[in-house]
There are 2 protein chains.
Amino acid sequence: MAPRKIRNMEEFAAVSGISRPTVSKYFNDPDSVRRSTRERIEQALERFDYRPNIFAMNQNRKLTKNVGIVVPYLADPFFAEIARNIEEKCIEAGFRPTLYSAYGDPAQEAEILDSLRALKPAGVLLAPLGRDSDRSFIEKFCKDIPTILFDSNLEGMGAAFVGSDNASFIEQTVDYLCRSGEPPAFFEMRHPANPNANKRRIAYIKKMESLGFEPQVIKVDGRGWGFEEIGRQGAFKLLEQPKLPSRTILCSNDRLAIGFLSACYEKGLRVGLGDDCDLRVASHDDHPFSKFTCPSLTTAAHDYTAVSNRSVETLTQLVESGGRLSARTETLFPARLILRSSA
Amino acid sequence: MAPRKIRNMEEFAAVSGISRPTVSKYFNDPDSVRRSTRERIEQALERFDYRPNIFAMNQNRKLTKNVGIVVPYLADPFFAEIARNIEEKCIEAGFRPTLYSAYGDPAQEAEILDSLRALKPAGVLLAPLGRDSDRSFIEKFCKDIPTILFDSNLEGMGAAFVGSDNASFIEQTVDYLCRSGEPPAFFEMRHPANPNANKRRIAYIKKMESLGFEPQVIKVDGRGWGFEEIGRQGAFKLLEQPKLPSRTILCSNDRLAIGFLSACYEKGLRVGLGDDCDLRVASHDDHPFSKFTCPSLTTAAHDYTAVSNRSVETLTQLVESGGRLSARTETLFPARLILRSSA
DNA sequence: GGCTTTTTTTTACGCGCGTAAAATTTTAGT
DNA sequence: ACTAAAATTTTACGCGCGTAAAAAAAAGCC
């Protein structure tokens, strides 16, 4: 055996007995060469470990296999989890995904997109910051680079949107809460960064009205991505008041609820559905930690897998059709109600 | 104004009135050219937006500015948080960081390192999986690519290790717990993936003995990265037993403690330091959510900032000294005790 | 076996930039 | 203003691969 170092495709072509252009063709698409040549190449590939220089490849190809995955805040386990799924699907689809987080900062989001441009990506999967995003910047980006939006929608931008159906979340939680006890008041941030929050509030009001109940929206102050702390402080403020709007609180999202529950615990309030309880608390997202809150959180779950799969499938279509789809589609997956102990 | 598209460095050099090699030099290090030329280039840079082709740059440079940041599990907020810090520092230091997660899988860890090789990184910041890592593979990688290990140490590998001082964590929590009540039993996974866990157990035993107490180690079953669930199930098992080894439980890490607390809550046990409480629970890491557990978790905090800063500083030194340091250093930062309600 | 069709080889060029060497210009020092 | 040093320009080549065109070989068909 002579495992001498292969320096480039030229040398590798030599040792495998195939011409370099054919080898190049093979690496672009192994099925584009005759079966027998493919086998010969793959045999050589086992004897000599050679991998084409990725920089040279990307430089000369008009289109790379790079895919950018951009999320607004990676330290939020919700995004970490969905990023994990999407990454996996991208690899299965033959892409080279790279993960980016804007960490809540619109400037960083813009910078990520800028540097992404330079990577000639086949496509980008973008979960934008939302309200804080530089919309015109993102719009321009989407015009140049095939982009799928996921999780939070920016009207009209990108080739498609894949996310969860906020109305479905609300309808299920509100319906359940109304059937099982006092109708819920809605607990949310006054200035939510995420557009889903607005959709949820609107859906809440509509659903409550359709059930013949008076909607009650509680807005708490606070900015940024420290939702737990915001929920906690908001809960303290709320619980100080002489009378609650309802003894059932429906939080806009699980991270707020986690903070809310911690405040309740500290105040000595019992949360749950028993008669001996002071409060019921429910929420949305099925955050990875919602199972471990005290009490465990009744919530509505995203279909992580469906969103991830569909996002990557749509991206694949988009790439294969040359970066344009006939029409911008919006795919919304329904929620799944998760009944736990908090409501 | 003639904002015509600049196609390459040649054209940009033309419009800025400078020769291409000098422009190239400028982009490698803006301070390597005369002040006046630098200003002329930067003027042109404002009129024409041009950025050198990153692929061509990286192909020809022997060393890129790329830095890989590899963590074992990005959906763990602890790693997400430290990754965020390190990423920021890398950018400040002029690197181009890219974030990777092995998601608990040694094969993926190896694959990441393999593809990282192809990126000719200036250096890599690696938090290895630990026990599950393919040690010889990582060792080989460290020989080829300048690598700094952080968070969890693999003896002798990499140019340096930067992490937290597990003994300091344990000493502070054990000391506090012993002073304030019954000496703690240590609660951990039977087969911890992370080498820090072993160091913590050993430090626990040593510290207890030095204080004249009998160490009690509780080992719970379970594999993988679902620590909360493992802690929860372990707690249920433990609490079923007729008698606890101690009414003070010191968990090896916060994620186990989060699960432990959720089990206690479900069992109706009061956790805290009051006389009316059944149990005290403390832990280590100051996980981002430990403030919001019920009760809030007494724990020992990593110095995230110090670890991040030192890691990147060490990497910078390593890169500047051509990939070799005179000796392998191990830097350990002490913990900071965070007293909350659980113990 | 002779034909057409598909695949491969040969040949050659280009991508955008790094970089070395020699020639030239600019700067600093006195 | 003169000289040595520093910076820049010129010139030229190479990196590793994509890709186009033409020639050659292999495969498929009756």
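Lettering of chains follows the sequences in order, A, B, ..., and the numbering in each one begins at 1.
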Peer 1: For the side chain of Thr22(B), counting heavy atoms from C-beta on, which of dT8(C), dG18(C), dT8(D) is nearest?
Peer 2: dT8(D)
Peer 1: Which distance, rounded to the nearest 0.5 Å, do you find between the CD of Glu92(B) and the CG of Asn309(B)?
Peer 2: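 Reported value, rounded in 0.5 Å steps: 8.0 Å.
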Peer 1: Can you tell me how far P of dT8(C) sits from CZ of Arg40(A), to the nearest Å?
Peer 2: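 It is 10 Å, rounded to the nearest whole Å.
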Peer 1: Starting from the 5' end of DNA chain D, give me the residue, Ala56(B) or Val33(B), whose nearest nucleotide shows up first.
Peer 2: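 On the 5' side of the pair lies Val33(B).
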Peer 1: How long is the line joining CG of Asn60(A) and C1' of dG14(D), in whole Å?
Peer 2: 14 Å
Peer 1: Nearest to the side chain of Met57(A), heavy atoms from C-beta on, is which of dA20(C), dC17(D), dA27(D)?
Peer 2: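 Selected nucleotide: dC17(D).
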Peer 1: Please state how far atom CZ in Arg7(A) lies from atom P in dC15(D), giving the value in whole angstrom units.
Peer 2: 10 Å
Peer 1: Given atom NZ of Lys25(A) and atom C1' of dC17(D), what is their separation to the nearest angstrom?
Peer 2: 16 Å
Peer 1: Would you say Ser19(B) places a side-chain N or O within less than 4.0 Å of OP1 or OP2 belonging to dT10(D)?
Peer 2: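 Checking Ser19(B) against dT10(D): no side-chain N or O falls below 4.0 Å of OP1 or OP2.
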Peer 1: Write down the distance between CD1 (Ile41(B)) and C1' (dA7(D)), rounded to a whole number of angstrom.
Peer 2: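 Checked: the CD1 to C1' distance equals 12 Å.
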Peer 1: Given atom CD1 of Ile6(A) and atom C1' of dC17(D), what is their separation to the nearest angstrom?
Peer 2: 16 Å
Peer 1: Would you say the side chain of Arg20(A) and the base of dG16(D) hold a donor-acceptor pair, judged only by whether the two atoms sit under 3.5 Å apart?
Peer 2: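 In this structure, the two groups form no donor-acceptor pair.
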Peer 1: Strictly below 4.0 Å, N to O, side chains only: are Glu39(A) and Arg35(A) in salt-bridge contact?
Peer 2: yes
Peer 1: What nucleotide among dC17(C), dT8(D), dG18(D) has an atom nearest to a side-chain atom of Met9(A)?
Peer 2: dG18(D)
Peer 1: I'd like to know if the side chain of Tyr103(B) pairs up with that of Glu87(A) as donor and acceptor (distance under 3.5 Å, no hydrogens or angles considered).
Peer 2: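 Present: a donor and an acceptor within the cut-off.
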Peer 1: Rounded to whole angstrom units, what separation is found between the CD atom of Glu39(A) and the P atom of dT8(C)?
Peer 2: 12 Å
Peer 1: Identify whether any heavy atom of Tyr26(B) sits under 4.0 Å from a base atom; if not, whether one sits that close to sugar-phosphate; answer base, sugar-phosphate or nothing.
Peer 2: nothing
Peer 1: Would you indicate which nucleotide in dC17(C), dA20(D), dT19(C) comes nearest to any side-chain atom of Pro52(B)?
Peer 2: dC17(C)
Peer 1: Determine the contact category for Tyr50(A): base if any of its heavy atoms lies under 4.0 Å from a base atom, sugar-phosphate if only primed atoms, P, OP1 or OP2 are that close, otherwise nothing.
Peer 2: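 Result for Tyr50(A) = sugar-phosphate.
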Peer 1: Less than 4.0 Å between a side-chain N and a carboxylate O, is that true for Glu42(A) and Arg38(A)?
Peer 2: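 A salt bridge links Arg38(A) with Glu42(A).
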Peer 1: Rounded to the nearest Å, what distance is computed from the CD atom of residue Gln59(B) to the P atom of nucleotide dT19(C)?
Peer 2: 12 Å
Peer 1: Which part of the nucleic acid, if any, lies within reach of Pro21(B) when heavy atoms closer than 4.0 Å are counted: base, sugar-phosphate only, or nothing?
Peer 2: base
Peer 1: With a 4.0 Å limit, can you tell me whether Ser24(A) has a side-chain N or O closer than that to the phosphate oxygens OP1/OP2 of dC17(D)?
Peer 2: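 Checking dC17(D) against Ser24(A), no side-chain N or O comes under 4.0 Å of OP1 or OP2.
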Peer 1: Could you grab the distance from atom CG of Leu45(A) to atom OH of Tyr26(A), nearest 0.5 Å is fine?
Peer 2: 5.5 Å
Peer 1: Just checking Thr37(A): base, sugar-phosphate only, or nothing, at a heavy-atom cut-off of under 4.0 Å?
Peer 2: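 Sugar-phosphate, backbone atoms only, no base.
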